[in-house]
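FYI, side chains are in, hydrogens and waters are out, and symmetry mates aren't considered; it's all heavy atoms of this structure.
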Amino acid sequence: MMAKKPPKPAPRRIFQERLKITALPLYFEGFLLVKRSGYQEYEHYWTELRGTTLFFYSDKKSTIYVDKLDIIDLTCLTDQNSTEKNCAKFTLVLPKEEVQLKTENTESGEEWRGFILTVTELSVPQNVSLLPGQVIKLHEVLEREKKRRIETEQSTSLEKEKESTEDYVDVLNPMPACFYTVSRKEATEMLQKNPSLGNMILRPGSDSRNYSITIRQEIDMPRIKHYKVMSVGQNYTIELEKPVTLPNLFSVIDYFVKETRGTLRPFICSTDENTGQEPNMEGRSEKLKKSPHIA
């Protein structure tokens with residue numbers, strides 16, 4: 001009895017829809033009977049091997065997978081004796097479970113074994129019975145997977161390096177020097193009692209998630225104002241008549257200093273001998289150019 005012809009690939013439209021779910025490269029696809037640890041019986045799935053992940057679809061035309069299995073940590077693949085003719089059965093032994101697979105014919109069984117072992121062991125297996133063209137395909141997939149792994153590792157390394165750099169900066173300067181865990185009232189008192197130390201304090205907002213800037217300006221008479229600084233994703237937005245969004249709290253402080261041409265200075269408690277000197281009062285009449293929402 002002749003072996004069944006290999007299944008045709010899914011239509012291009014469906015292929016494109018599946019690409020929206022994952023960017024992992026497609027190496028092989030076809031029908032598989034799958035029995036996972038929680039299954040009572042074998043389930044019939046159209047299966048795609050993308051990278052080192054098996055995606056299971058209820059049928060060939062489905063665009064959303066019903067289950068998936070990461071096989072990158074495959075311990076071994078063991079063959080099972082099958083009493084059924086023209087059928088291949090084998091087990092994927094993973095650290096947390098064993099998954100039984102069954103194919104509709106022995107030829108597709110050899111192909112599945114070949115592709116699974118190639119992407120998990122990063123070498124083309126020698127003990128599979130495949131045609132020369134199929135072996136060439138395995139070598140092509142091997143090179144693609146090696147390249148994908150290298151690119152993934154480089155990307156992960158860059159992300160970790162970036163996080164490490166950010167963490168290092170945060171350890172050295174976790175917050176601007178004028179940040180104090182004080183209430184609105186306490187910030188006001190600090191500015192009123194110690195004008196020589198500066199006239200701008202960054203403090204926690206009333207909701208404990210955002211921040212506020214408290215400033216003391218001397219125009220006709222000393223005045224206290226408060227500005228809300230909202231945490232939006234990885235940025236910070238100063239709530240002004242025209243909101244200003246900046247990448248970090250240090251930039252927020254710099255913005256106030258520059259907008260007032262140095263009139264506003266961070267309030268910094270220091271043991272420096274010059275701390276007690278009164279700041280230059282020139283330009284004190286400069287005001288923030290935008291009206292704040294009171295924080």
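- With rounding to the nearest 0.5 angstrom, the CG atom of L191 is 12.0 Å from the CD atom of E186.
- Using a distance-only test at 3.5 Å, with no hydrogens or angles considered, a donor-acceptor pair links the side chain of N210 to the main chain of S231.
- Residues Y27 and L54 share a single hydrophobic cluster, defined by chaining ILVMFWY side chains whose heavy atoms lie under 4.5 Å apart.
- Side chain to side chain, R203 and T214 meet the donor-acceptor criterion of an N or O pair below 3.5 Å.
- Exactly one of V124, V119, I136 qualifies for a side chain to side chain contact (heavy atoms under 4.5 Å, CB included) with V141. That residue is V119.
- Side-chain atoms of S108 and N105 include a donor-acceptor pair closer than 3.5 Å.
- Using a distance-only test at 3.5 Å, with no hydrogens or angles considered, no donor-acceptor pair links the side chain of E98 to the main chain of V93.
- Between atom OH of residue Y211 and atom CG of residue L249 there is a gap of 5.5 Å, rounded to the nearest 0.5 Å.
- Summarising the geometry of L142 relative to S123, their closest heavy-atom pair is CD1-N, 3.6 Å, with the distance given to 0.1 Å.
- Side-chain contact between M190 and I201 is present, with heavy atoms from C-beta onward closer than 4.5 Å.
- No continuous path of hydrophobic side-chain contacts links I72 to V99 [ILVMFWY only; heavy atoms under 4.5 Å].
- How far CG of L49 is from CH2 of W112: 6.0 Å, rounded to the nearest 0.5 Å.
- Note that CG of N199 and CZ of R265 are 5.5 Å apart. Values are rounded to the nearest 0.5 Å.
- Counting heavy atoms from C-beta on, the side chains of F267 and L197 come closer than 4.5 Å.
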> Step by step, would you call R216 with E218 a salt bridge (Lys or Arg N to Asp or Glu O under 4.0 Å)?
Replying inline: CA-CA 7 Å; R216 180 177 184 270; E218 292 185 13; 2.8 Å; yes
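- In this structure, the side chains of V244 and T237 stay at 4.5 Å or more apart for every pair of heavy atoms.
- What you find for T106 and A88 is that their closest heavy atoms are CA-CB, 4.3 Å.
- The side-chain heavy atoms of Q100 and Q80, taken from C-beta on, include a pair separated by under 4.5 Å.
- With hydrophobic clusters built from ILVMFWY side chains whose heavy atoms lie under 4.5 angstrom apart, Y42 does not share a cluster with F56.
- For Y65, the ring pair (Phe, Tyr, Trp, His ring centres under 6.0 Å) partners are F55, not counting sequence neighbours.
- Listed by first then second residue, pairs satisfying ring pair (Phe, Tyr, Trp, His ring centres under 6.0 Å) with a partner in residues 115-140 read F28-F115, not counting sequence neighbours.
- Contact between L24 and G51 at its shortest, heavy atoms only, is CB-N, 4.2 Å.
- Counting heavy atoms from C-beta outward, T103 and L32 have side chains that approach closer than 4.5 Å.
- Side-chain atoms of D67 and Y57 include no donor-acceptor pair closer than 3.5 Å.
- Of the possible donor and acceptor atoms, none in the side chain of N194 sits under 3.5 Å from a partner among the backbone N and O of S196.
- Looking at T118, its side chain does come within 3.5 Å of a backbone N or O of G114 through a donor-acceptor pair.
- Within the 3.5 Å criterion, the main-chain N or O of R148 finds no donor-acceptor partner in the side chain of E151.
- A donor atom on one side chain and an acceptor atom on the other are not found under 3.5 Å apart for E239 and Y227.
- Looking at heavy atoms from C-beta onward, Q192 lies in side-chain contact with I224 at the 4.5 angstrom threshold.
- Within the structure, the salt bridge (Lys or Arg N to Asp or Glu O under 4.0 Å) test picks out the following pairs touching residues 71-81 (sequence neighbours left out): D79-R113.
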> Under the salt bridge (Lys or Arg N to Asp or Glu O under 4.0 Å) criterion, do R149 and E145 qualify, and how do the steps go?
Replying inline: CA-CA 6 Å; R149 297 271 191 104; E145 179 61 15; 2.7 Å; yes
